[in-house]
Amino acid sequence: MNKTYDVLIIGAGINGCSIAYQTASRNRRTVVLEKNTVGAEASSAAAGMLGAQSEMEEYSPFFEFARRSRSMFPELVPELEEKSGTAVSYVRNGMIKVADTPEEQERLARMYAFQKRAGEEVEWLQPDMVKTIDRSIGGDYFGAIYLQGDGQVKAPELTKAYAGAAVREGAEFYEYTPALGFIFENGRVTGVETPQGRFYADQIVLAGGAWSRFMPPLGEELPPLIPVKGECVGLHSKRPIVEKTVHASDFYIVPKPGGSIIIGATEREGEMGKEVSAEAVQHLLHKACRLVPGLGRASWQYAWSGVRPQSADGKPYLGQTAFDGLWMAAGHYRNGILLSAVTGTWMADLLEGKAQEQEWIDAFSPQRLIHRKEEEIIGTDY
Ligand SMILES: Cc1cc2nc3c(=O)[nH]c(=O)nc-3n(C[C@H](O)[C@H](O)[C@H](O)COP(=O)(O)OP(=O)(O)OC[C@H]3O[C@@H](n4cnc5c(N)ncnc54)[C@H](O)[C@@H]3O)c2cc1C
């Protein structure tokens, strides 16, 4: 049986679910197709940091986009929790970014100066000051910055909350329903083929994370996406060990309400498998226990991995593709949980032709890279 909607979203990761929540709330008939289950991929692997300040050293549209998204959580979270019945454990516990190498110290000094200019809450901590913010931190380091405004959520729960709230607003979800290929009519993408039949919509949004380019017959004609696998380790402690999120140059420690502690994450470019290597577990535990020695007392829970969808220039692809009827919301790389809030409203605005900020339209357009050579794009910083 063929089905027809206003908006069809491919992928029930956090971004597909957030877009569905917004479009359904605006009374647009919305359907989400998911090849597995809601949040089955990167969105359930994430540590859940809402690090709007933690990666930015200079002004960019991306910085404003990230700040906007972070500012939406205090209002959005209670709304989603009430509509979905799912608690997402949102806390604003701040983040300490520790300089564990001289190079990282220089980078953090630049970040500190920029964040100050941008009017953000940020403190520079000399090595002897770090313990006054979180006394669990030991080991050797060259100072730190303290970002009071950054918070965190439980990412799998937030994904489910968006989905639950979207259903409450009238969206339909089809799990175990892979979109196998696009249907074209008169040069326009009008639907997708699935094992359960054809689904048609006025607007189709590709939100398939790192898998977004595997959609025949377009595939290679869509903007480039690089899979970057990340492995994590989960510990648990009944007694609090570390209070703040602690970030160092190549690992982080994220204490969750309830006693879980996430240590992440590796960056394996080009890898998509689910396995976790012994080397990754050893590296993460070694680094984390050296910086926060008390973690040695925590008990082992489990290890997991997920695949981050990285765009070619580090910014997400949000907007209309070069194909009529087809839109894209993918490439959120390390920030898809943070950006989920604004991705939902931004995509809903774009689909309705109501988006205002021209700077964001240009910066995130999936068509922005079409006329640039590959070597000019790779390595561009946001
Ligand atoms: C280890 C790790 C830690 C991270 N930590 C953080 C963090 O602390 N903070 C943060 O902001 N971000 C973090 N991220 C990044 C974040 O997880 C991602 O950016 C985000 O989850 C991407 O969401 P998405 O919805 O775009 O993609 P995904 O979550 O990958 O969802 C895409 C969905 O589309 C489905 N799909 C794909 N193709 C099809 C198809 N043809 N038909 C039907 N369904 C399809 C997939 O099954 C999947 O469910 C982390 C990522 C990893 C891996």
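Counting starts at 1 for both ligands and their atoms, following the listed order. Worth saying up front: this structure is predicted, and the values here are computed from it rather than measured.
- Note: no N/O pair closer than 3.5 Å links V307 and ligand 1 by distance alone.
- Considering backbone and side-chain N/O of L338, one or more are found under 3.5 Å from N/O of ligand 1.
- Between F182 and F323, the ring center distance fails the sub-6.0 Å criterion.
- The single protein non-hydrogen atom nearest to atom 35 (C) of ligand 1 is E34 OE1, 3.2 Å, given as residue, atom name and distance.
- For atom 7 (C) of ligand 1, the nearest non-hydrogen atom from the set E231, M215, M49 belongs to M49.
- Considering backbone and side-chain atoms together, P309 places no N or O closer than 3.5 Å to any N or O of ligand 1.
- Atoms of ligand 1 found under 4.0 Å from any heavy atom of C232, numbered from 1 in the order shown, are 1 (C).
- No N or O atom of A265 sits closer than 3.5 Å to an N or O atom of ligand 1.
- Less than 4.0 angstrom separates some heavy atom of G306 from each of these atoms of ligand 1: 53 (C).
- Shown in contact with W211 at under 4.0 Å from a heavy atom are these atoms of ligand 1, numbered in order with element: 30 (O), 37 (C), 38 (N).
- Heavy atoms of G264 come nearer than 4.0 angstrom to ligand 1 in no pair at all.
- Between E275 and K229, at least one side-chain nitrogen of the basic residue sits less than 4.0 Å from a carboxylate oxygen of the acidic one, meeting the salt-bridge criterion.
- Listed by atom number, the atoms of ligand 1 under 4.0 Å from G48 heavy atoms are 7 (C), 8 (O).
- Looking only at protein heavy atoms, the nearest one to atom 41 (N) of ligand 1 is A179 O, 3.0 Å.
- No part of A155 comes within 4.0 Å of ligand 1, judged by heavy-atom distances.
- The aromatic rings of Y59 and F63 lie perpendicular to each other, with more than 60° between the two planes, well past the 30° mark.
- Of all atoms in ligand 1, listed by their number and element, those nearer than 4.0 Å to a heavy atom of A47 are 3 (C), 4 (C), 5 (N), 6 (C), 8 (O).
- Those atoms of ligand 1 that come under 4.0 Å of a heavy atom in I14, given as number and element, are 23 (O), 25 (O).
- Of all the atoms in ligand 1, the ones that sit under 4.0 Å from a non-hydrogen atom of H332 are 19 (O).
- Nearest non-hydrogen protein atom to atom 29 (O) of ligand 1 is S43 OG, 2.5 Å.
- Salt-bridge formation is detected for the pair K274/E41: a Lys NZ or Arg NE/NH1/NH2 atom is positioned less than 4.0 Å from an Asp or Glu carboxylate oxygen.
- Residues S249 and T101 bring no donor and acceptor atom of their side chains to less than 3.5 Å of each other.
- Residue G230 approaches ligand 1 through these ligand atoms, each under 4.0 Å from one of its heavy atoms: 1 (C).
- The protein heavy atom nearest to atom 31 (O) of ligand 1 is G13 CA, 3.2 Å.
- When the options R334, R268, E267, R70 are ranked by their closest heavy atom to atom 13 (C) of ligand 1, first place goes to R334.
- Of the N and O atoms on the side chains of R268 and S305, not one donor lies less than 3.5 Å from an acceptor on the other residue.
- By the 4.0 Å N-to-carboxylate-O rule, E104 lies close enough to R107 to be salt-bridged with it.
- Side chains of H332 and T343: a donor-acceptor N/O pair is present below 3.5 angstrom, by distance only.
- The existence of a salt bridge linking D150 and R70 is confirmed by a sub-4.0 Å separation between a basic side-chain nitrogen and an acidic carboxylate oxygen.
- With atom 6 (C) of ligand 1 as the reference point, the heavy atom nearest to it among A46, A210, G11 is part of A46.
- Under 4.0 Å is where a charged nitrogen must lie from a carboxylate oxygen, and between E57 and K97 no such pair does.
- A donor atom on one side chain and an acceptor atom on the other are not found under 3.5 Å apart for E81 and Y90.
- Residues E64 and R67 are paired through a salt bridge, judged by an N-O separation under 4.0 Å between the basic side chain and the carboxylate.
- The proximity of Y252 to ligand 1, defined as any non-hydrogen pair under 4.0 Å, is limited to the side chain.
- Scanning all protein heavy atoms for the shortest distance to atom 43 (C) of ligand 1 gives K35 N, 3.1 Å.
- Using cut-offs of 30° and 60° for the angle between ring planes, the W360 and W346 rings count as perpendicular.
- For atom 22 (C) of ligand 1, the nearest protein heavy atom (residue, atom name, distance) is N15 ND2, 3.9 Å.
- Between V254 and the options T245, V242, N93, a side-chain contact (heavy atoms from CB on, under 4.5 Å) holds for only T245.
- Annotation: salt bridge (charged side-chain N to carboxylate O under 4.0 Å, His left out) contacts of D6 (sequence neighbours excluded): R29.
- Given atom 18 (C) of ligand 1, the protein heavy atom at minimum distance is Y333 O, 3.5 Å.
- When hydrogens are left out, the protein atom nearest atom 40 (C) of ligand 1 is I10 CG2, 3.6 Å; that is the closest non-hydrogen contact.
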